[in-house]
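Structure first, then comments.
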Amino acid sequence: MSRDSVQVLVDSARVGTLFRDDKSEGDFLFGYFADTHPELAVSLTMPVRRAQYDSMNEVHPIFEMSLPEGYLRKTLESMFAKALGTFDSLDMLALLGQSQVGRIRYGQTGQSAEDVPEHDLTQLLACRGAEEYFDDLVQRYAKHSGVSGVQPKVLIRSAMDADSPKVSHKGATHIVKGFDPREYPELVLNEHTCMRAAKLAGLPAATTRMSENRSMLVVDRFDRAPDGTYLGFEDLCVLAALRTSGKYTGSYEDVAASLRLFVDPSHRASSMREFFSSLLLSCAVGNGDAHRKNFGILYDRFGVNVRLAPIYDVVCTRRYLPKDALALSLAGSKAFPDKESLATFARTQCGMTSRQTSAALDQVEQGVHGAIAELRAYVRSAPDARAQAEGLVQAINDSMTRIGLRPARFATITSVTPTTATMKARP
């Protein structure tokens, strides 16, 4: 296997080559093949052309987008760096490039795609008390996990989906997230509650489920079409030509401008409303990590049906960092905004009317209340989670109050009467 280049594939078609620049150490070049169809461009920011694209000291943002960070990257380095001698981004793509978020894949000439191993999702969700379970998943699925993020996570393929007539190939179907309970107690319960708030607010959001012991969060892939094939996906670092290290750079106004530029006109109004509601949700639950990589777009083909991606990563960071600030600035400040500032943003950046803004506020308030009602019902059957759940609700209440929404008192919720099944793991 050549370690100086990889071939880039879009929808299983080879479209070009990514390789090290032998004239400039540390730089990478990407060139399309002469016969590449314009619809198979790797990124909305990199249309098919004759000239090569220069990366300028790192692989291009679209190729860096799904490279592992943090825990998973360190795990991969410990597993493979010794054998390879060095382990840069091109080595990483060559290793795990056949299993990525989105529709881009990487490979070598003559190399056939490797199936992602099947896993019994029912068994995973029923996991109780086995601390080694996630570590075993990492060892098995690390090289199939082209997914970004600092927190521990892997891509897996559910055995239940493997026999579905809708699935035309054998790629990853779910993201499984773990966490360090010493650093972030009950992070899985935290994120699941916030994602349920998005769902209950009526926002497009990935489906999440917790394992029985709350040590793992299973997230349905949000970038799959009904037939199981993968859609084009690009995050807001890529659209701004920023490296992953720039995910905390800029403002939510910048993100809104990028969405207005790239989203299909037929989806622009709805995508901007959804973007505002997702930002509003992050403010309501105290999420200080709504950075550029936690927003993205999906599309069917290059420039076709481009729309805002569903919400896929929301957590109450103020549960662990009470003084946490926004990931990006809003109206020139990283302080969590009040209702007036949010209303101004909705009007000036998202083109929303006062009535639409009020409706979004109501929907998010109802969604958060519903999620906390589910949490309250859940802890009746899981009393060991009560202390952390109460702390989570307090952090969310403080955030809700700041933006003028009605807090949901954990001990007195009566507006929603869910069953514990809504919070329990289900296959």
Side-chain angles (χ1 to χ4, degrees), residues 69-71 149-152 177-198 201 208 210 214-215 217 247-252 277-295 311 313-342 345 361 364-365 367-376 378-379 382-413 423:
E69 307 165 70
Y71 173 86
V150 176
Q151 287 300 112
K177 299 182 179 182
F179 73 106
D180 184 345
R182 296 164 298 183
E183 187 175 11
Y184 300 114
E186 295 291 357
L187 181 59
V188 166
L189 184 64
N190 181 329
E191 183 168 353
H192 182 60
T193 299
C194 293
M195 290 295 291
R196 285 295 300 157
T208 61
M210 297 186 296
R214 303 188 302 278
S215 68
L217 185 73
K247 63 186 178 182
Y248 293 107
T249 300
S251 66
Y252 292 109
S277 292
S278 66
L279 176 58
L280 174 61
L281 175 70
S282 280
C283 293
V285 300
N287 176 27
D289 205 39
H291 52 67
R292 286 178 176 271
K293 291 186 71 64
N294 283 337
F295 299 100
I311 294 170
D313 195 338
V314 181
V315 66
C316 175
T317 62
R318 300 192 85 176
R319 174 66 187 99
Y320 313 109
L321 302 168
K323 296 183 179 181
D324 201 13
L326 292 174
L328 305 174
S329 65
L330 190 150
S333 171
K334 285 199 171 185
F336 275 85
D338 55 21
K339 182 186 288 188
E340 182 178 351
S341 297
L342 285 166
F345 183 88
L361 287 163
V364 167
E365 181 182 88
V368 174
H369 282 208
I372 292 176
E374 289 185 356
L375 179 61
R376 178 191 177 200
Y378 174 76
V379 299
D384 60 314
R386 175 170 288 278
Q388 287 296 330
E390 289 176 343
L392 173 62
V393 173
Q394 184 59 57
I396 292 175
N397 279 341
D398 291 345
S399 300
M400 293 270 282
T401 300
R402 179 173 180 80
I403 58 177
L405 298 182
R406 179 170 52 92
R409 301 303 175 189
F410 187 66
T412 59
I413 296 171
M423 294 294 284

Taken to the nearest 0.5 Å, the spacing of Asp313 CG from His291 NE2 works out to 6.5 Å
For the residue pair Ser277 and Val364, what are the closest heavy atoms and their distance? O-CG2, 4.0 Å
Check for a donor-acceptor pair, side chain of Lys334 on one end and backbone N or O of Ala327 on the other, with a separation under 3.5 Å. yes
Heavy atoms only: give me the nearest Leu328-Gly250 pair and the separation to one decimal. CB-O, 3.6 Å
Under a 3.5 Å distance rule, please check whether Arg406 uses its side chain to pair with a backbone N or O of Glu365 as donor and acceptor. no
Is any side-chain heavy atom of Pro337 closer than 4.5 Å to one of Phe345? no
side-chain contact (heavy atoms from CB on, under 4.5 Å), that's the test. Do Leu361 and Lys339 meet it? Break it down for me. CA-CA 9 Å; Leu361 287 163; Lys339 182 186 288 188; 4.1 Å; yes
Could you check Asn287, Asp289, Asn294 and say which one makes a side-chain hydrogen bond (donor to acceptor under 3.5 Å, both in side chains) with Ser282? Asn287
Minimum heavy-atom separation for Ala408 and Ile372, please, with both atom names. CB-CD1, 3.9 Å
Pairwise side-chain contact, Val188 with Lys177, heavy-atom cut-off 4.5 Å (strictly under): no
Think Arg214 forms a cation-pi with Tyr378, using NZ or CZ under 6.0 Å from the six-ring centre and within 45 degrees of its axis? no
Side-chain contact, heavy-atom cut-off 4.5 Å: Leu405 with Val368? no
So, Asp338 versus Ser341: side-chain donor-acceptor pair below 3.5 Å or not? yes
Point-to-point distance, once rounded to the nearest 0.5 Å, from SG of Cys316 to CD1 of Ile396: 5.0 Å
Identify whether the distance between the nearest side-chain nitrogen and carboxylate oxygen of Lys247 and Glu69 falls below 4.0 Å. yes
Which pair of non-hydrogen atoms, one from Pro185 and one from Tyr320, has the smallest distance, and what is that distance? O-OH, 2.8 Å
Taking C-beta and beyond as the side chain, do Arg196 and Thr193 meet within less than 4.5 Å on heavy atoms? no
Any non-hydrogen side-chain atom of Cys283 less than 4.5 Å from a side-chain atom of Leu342? yes
From Thr208 OG1 over to Leu217 CG, what is the distance, rounded to the nearest 0.5 angstrom? 5.0 Å
Determine whether Leu326 and Tyr248 make a side-chain contact, defined as any pair of heavy atoms from C-beta on separated by less than 4.5 Å. no
Less than 4.5 Å apart, any side-chain heavy atom of Leu279 and any of Leu330? yes
Regarding Asp324 and Thr317, is there a side-chain donor-to-acceptor distance under 3.5 Å anywhere? yes
Is there a side-chain contact between Met400 and His369, using heavy atoms and a 4.5 Å cut-off? yes
Nearest-0.5 Å distance that lies between atom CZ in Arg318 and atom NZ in Lys323: 10.5 Å
Interatomic distance, Gln151 atom CD to Asp180 atom CG [nearest 0.5 angstrom]: 8.5 Å
Would you give the length of the straight line joining atom CG of Leu187 to atom OG of Ser215, rounded to the nearest 0.5 angstrom? 11.5 Å
Using a 3.5 Å distance criterion without hydrogens, assess whether the side chain of Glu186 forms a donor-acceptor pair with backbone atoms of Ala385. no
Does any N or O in the side chain of Arg319 come within less than 3.5 Å of the main-chain N or O of Asn190, such that one atom is a donor and the other an acceptor? no
